[in-house]
Amino acid sequence: MANNSIGIGLTSIVFSVLAYFVYGDSISAMLGMLLLVIGSSLTTLLSLIPFVGVIIAYFTNTIYTYPTIMHFVGITPTWLTTLLLVFHTVIGVVLTIVTSAAVLKLRN
């Protein structure tokens with residue numbers, strides 16, 4: 001039986017462990033990255049809006065979520081935070097395509 005939460009859990013673990021090493025063996029950076037992954041995952045749910053959801057989610061992540069959480073936890077932008085943004089944007093594109101296709105199918 002497949003567990004639907006394994007993808008989110010695995011993503012959180014991988015990015016948090018990478019943050020531990022990227023930010024210099026820092027447990028606080030590891031926990032900060034965990035909070036950033038959770039916040040970005042929640043913001044990515046905006047991608048469920050058909051046709052424009054990924055755009056709204058991307059700008060919400062870059063303008064609000066990332067700066068707020070990164071300032072709060074004290075981590076700086078690195079390749080890891082950029083990779084996390086790209087990862088969630090790709091997931092957002094897939095979600096927007098699926099919901100847009102469902103809306104178009106319902107219309108016909």
Side-chain angles (χ1 to χ4, degrees):
M1 178 181 289
N3 185 354
N4 291 337
S5 66
I6 193 73
I8 294 172
L10 185 61
T11 303
S12 300
I13 292 169
V14 168
F15 277 97
S16 295
V17 168
L18 286 173
Y20 176 79
F21 296 109
V22 168
Y23 291 101
D25 298 335
S26 172
I27 296 291
S28 62
M30 184 176 178
L31 295 173
M33 182 58 72
L34 180 63
L35 185 62
L36 187 62
V37 170
I38 292 168
S40 184
S41 296
L42 291 174
T43 306
T44 302
L45 291 175
L46 291 171
S47 297
L48 291 171
I49 300 170
F51 306 110
V52 296
V54 70
I55 297 167
I56 294 170
Y58 175 79
F59 283 112
T60 303
N61 266 331
T62 57
I63 294 171
Y64 180 72
T65 306
Y66 276 64
T68 303
I69 293 175
M70 290 171 69
H71 176 73
F72 179 71
V73 298
I75 59 175
T76 57
T78 61
W79 64 269
L80 189 59
T81 57
T82 303
L83 182 64
L84 181 64
L85 179 63
V86 169
F87 177 75
H88 279 120
T89 303
V90 169
I91 291 173
V93 167
V94 171
L95 289 174
T96 301
I97 289 171
V98 168
T99 57
S100 299
V103 166
L104 290 173
K105 187 174 182 179
L106 285 175
R107 184 170 176 196
N108 292 333

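The basis for the numbers below is simple: all heavy atoms, side chains too, and nothing from hydrogens, waters or symmetry mates.
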Side chain proximity check, L80 to L84, heavy atoms < 4.5 angstrom: no

Locate the shortest heavy-atom distance separating T89 from L85; write the atom from each residue and the value. OG1-O, 2.7 Å

Cluster overlap V37 with V94, hydrophobic side-chain contacts below 4.5 Å: no

Which heavy-atom pair separates A19 from M33 by the least distance, and what is that distance? CB-CB, 3.4 Å

Distance check, rounded to the nearest 0.5 Å: S28 atom OG versus Y20 atom OH? 10.5 Å

If you look only at pairs with a residue in residues 68-81, which of them pass as a side chain to side chain donor-acceptor pair (under 3.5 Å), with sequence neighbours excluded? Y23-T78

Let me see the working for L35 and L31 under side-chain contact (heavy atoms from CB on, under 4.5 Å), right down to the final yes or no. CA-CA 6 Å; L35 185 62; L31 295 173; over 6 Å; no

Between L18 and V14, does a side-chain contact (heavy atoms from CB on, under 4.5 Å) hold up when you go through it step by step? CA-CA 6 Å; L18 286 173; V14 168; 4.0 Å; yes

Counting distance only, does the side-chain N/O of T44 pair as donor-acceptor with the main-chain N or O of G92 below 3.5 Å? no

Does S40 use its side chain to pair, donor to acceptor, with the backbone of L36 at less than 3.5 Å? no

Around atom CZ of F15, are there more than 12 heavy atoms of other residues, nucleotides or ligands at under 6.0 Å? yes

To the closest 0.5 Å, what do you measure between CG (L45) and NE2 (H88)? 9.0 Å

Spell out, yes or no, whether Y58 and Y66 are grouped together once hydrophobic residues are joined by side-chain heavy atoms under 4.5 Å, including indirect joins. yes

Apply side-chain contact (heavy atoms from CB on, under 4.5 Å) to the pair L34 and I38, showing each step before the final yes or no. CA-CA 6 Å; L34 180 63; I38 292 168; 4.2 Å; yes

Which other residues belong to the hydrophobic cluster containing L106, where Ile, Leu, Val, Met, Phe, Trp and Tyr are joined when side-chain heavy atoms lie under 4.5 Å apart, directly or via other members? none

Tell me yes or no: between the side chains of T60 and T43, is some donor less than 3.5 Å from an acceptor? no

Taking only residues two or more places apart in sequence or in another chain, which ones pass side chain to side chain contact (heavy atoms under 4.5 Å, CB included) with S100? P50, F51, T96

When clusters are formed by joining ILVMFWY residues with side-chain heavy atoms under 4.5 Å apart, either directly or through shared neighbours, do L95 and V90 land in the same one? no

Are L83 and I69 linked, directly or through other ILVMFWY residues, by side chains that come within less than 4.5 angstrom of each other? yes

For residues V54 and I56: do they belong to one hydrophobic cluster (side chain heavy atoms under 4.5 Å, members Ile, Leu, Val, Met, Phe, Trp, Tyr)? no

